[in-house]
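Convention: sequence-line order gives letters A, B, ...; per-chain numbering from 1.
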Number of protein chains: 2
Amino acid sequence: MYLCRINKIVIFVCMNSLTEENYLKALYALGNEKGEVNVNDLSRRLEIKMPTVTSMMKKLAAKKLVHYESYKPLRLTEKGRKEAALIIRKHRLTEMFLVEKMGFGWEDVHPIAEQVEHIQSVPFFEKMDQLLGYPKVDPHGSPIPDRNGKVVWKEYQKLSECKVGETVKLSAVINTSEDFLRFLNSREIHLGLKVKIKAIESFDRSMKVSYAKRSDEILSHIVSDRLLVEKI
Amino acid sequence: MYLCRINKIVIFVCMNSLTEENYLKALYALGNEKGEVNVNDLSRRLEIKMPTVTSMMKKLAAKKLVHYESYKPLRLTEKGRKEAALIIRKHRLTEMFLVEKMGFGWEDVHPIAEQVEHIQSVPFFEKMDQLLGYPKVDPHGSPIPDRNGKVVWKEYQKLSECKVGETVKLSAVINTSEDFLRFLNSREIHLGLKVKIKAIESFDRSMKVSYAKRSDEILSHIVSDRLLVEKI
DNA sequence: GTACAAAGTTAGAAGAGTCAAACAAATGTA
DNA sequence: TACATTTGTTTGACTCTTCTAACTTTGTAC
Ligand SMILES: [Mn+2]
Ligand SMILES: [Mn+2]
Ligand SMILES: [Mn+2]
Ligand SMILES: [Mn+2]
């Protein structure tokens, strides 16, 4: 909470700290991943011990960002959800900027965006957005929340759930670990790719697919289950 | 101080905190501006009270970044000077990137760079440097330290010290306050501009100059004393 | 329905960074 | 040289974020 003087008008501005921002973001992400979020989940995700998480939840509750009741699951308030979404907006715009305008690979941008997302500057991110042509998704296919924190999730399907004979477009990846993305790079798999499913091995659910100049590539179920596609 | 594991090799990495980085940078800048730096100078520059500065100096001395003796002027060690220069390198590369690649005005970039300079990512700043074509100076004409923290100051002269009849090239601004830069914008004065000195009023040392499509512009001594030029 | 394990909270402590109050050294002036 | 002012340090306190240890609640297995 600090004083901000603009032309003799004094307003109280309450910026969340970098630490608070990371809790909000984790809370938001876990909520999307598994519905109910417990102190324990958050503790494991942030690699911060449970007592610390409990005390931060009380603090965020005092700031009306979290609904907190002892021994109950954690829930973001509307305000908390919006603030989290706006940080994620900055994260994803940054990742897009790093890939599209600076030439980074999609496997390298996350750790940088994890830091840049905390920069406090409206024009900085507005400019990124504008230079990128107001993108709807980040380099991994995740939606970029709008200026009001609204998110539109397109209805994707897992590649693993598609049937033999279908041709689909790769639209997003579920797992964004550096290792997985490097694996996809090694197979020349990238977003927008058109993939034809030629066969499914019922024994291990591995898929024979063809795309671009590659025919008869084998993708394990582990892989096809992490790829989101659209019918075309 | 934290552990960094790279392929089973464990190394101790000691990153300076954002706070420590800001002290180092201020120490470096004040040293260039006025030679000897006292606790008081640093305290005023950072808007942090003297006792806090004293204790931080002891901490930085323990990290071998500052030579500290009670009641003596503060001096950066070679290590401290290098670390400071590398932060300033990141600051100035960022300002250049914001102006050249993102379309910001030179008057708007400082507060953003003040935050971005603390990002920990070698490839991020390497990429900026590369995309900018390895610039030697920032948007205000200040030199960008090299990867080793070496700085080359070109020999500039104040416009206020030039003589009637000379034609010079504007190469840097001493004061980089938003107000001053906006003033220069309003007169269409920017780096690289060729300026001819047509007359100097001995009474108030104001200068009559001409440049671009403007002839007989009057620049007060306050202004001409803040502009650095090269003979051409 | 008790007993145990897992999850969650409370209490107490620590380091980082900050401050105000009080004290001490250095410096400038009469 | 003596006094006043400025500069610098010490001390103790406070907030923020984190931890460990000890305790409590909840849910599950028998
Ligand atoms: Mn990411
Ligand atoms: Mn982050
Ligand atoms: Mn600057
Ligand atoms: Mn800074």
Expressed in angstrom and rounded to an integer, what is the separation of [X] atom [atom1] from [N] atom [atom2]?
| X | N | atom1 | atom2 | value |
| --- | --- | --- | --- | --- |
| E36(A) | dG27(D) | CD | C1' | 14 Å |
| K63(A) | dC16(D) | NZ | P | 9 Å |
| L18(B) | dC16(D) | CG | C1' | 15 Å |
| K49(B) | dG8(D) | NZ | P | 15 Å |
| M57(B) | dT18(C) | CE | C1' | 14 Å |
| M15(A) | dC16(D) | CE | C1' | 15 Å |
| L46(B) | dC19(C) | CG | P | 10 Å |
| Y23(B) | dA16(C) | OH | P | 13 Å |

Heavy atoms only, 4.0 Å cut-off, all strands: where does T52(A) land among base, sugar-phosphate and nothing? base
Check this for me: K163(B), atom NZ, are more than 12 non-hydrogen atoms of other residues, nucleotides or ligands nearer than 6.0 Å? no
Residues at least two apart in sequence or cross-chain that pass side-chain hydrogen bond (donor to acceptor under 3.5 Å, both in side chains) with T52(B), listed by chain then number, are none
What residues, two or more places apart in sequence or in another chain, satisfy side-chain hydrogen bond (donor to acceptor under 3.5 Å, both in side chains) together with S220(B)? none
Keeping to residues at least two apart or across chains, list the salt bridge (charged side-chain N to carboxylate O under 4.0 Å, His left out) pairs with something in residues 97-107 of chain B. E107(B)-R182(B)
Could you encode protein contacts along nucleotides 2-10 of chain C as a string, one character per nucleotide from 5' to 3', using B for base contact, S for sugar-phosphate-only contact and - for no contact, with a heavy-atom cut-off of under 4.0 Å? ------BBB
In chain order, what residues pass the ring pair (Phe, Tyr, Trp, His ring centres under 6.0 Å) check against H140(A), with sequence neighbours excluded? none
Got a sec, which residues hit side chain to side chain contact (heavy atoms under 4.5 Å, CB included) with S206(B), two or more places apart in sequence or on another chain? E201(B), D204(B), I218(B)
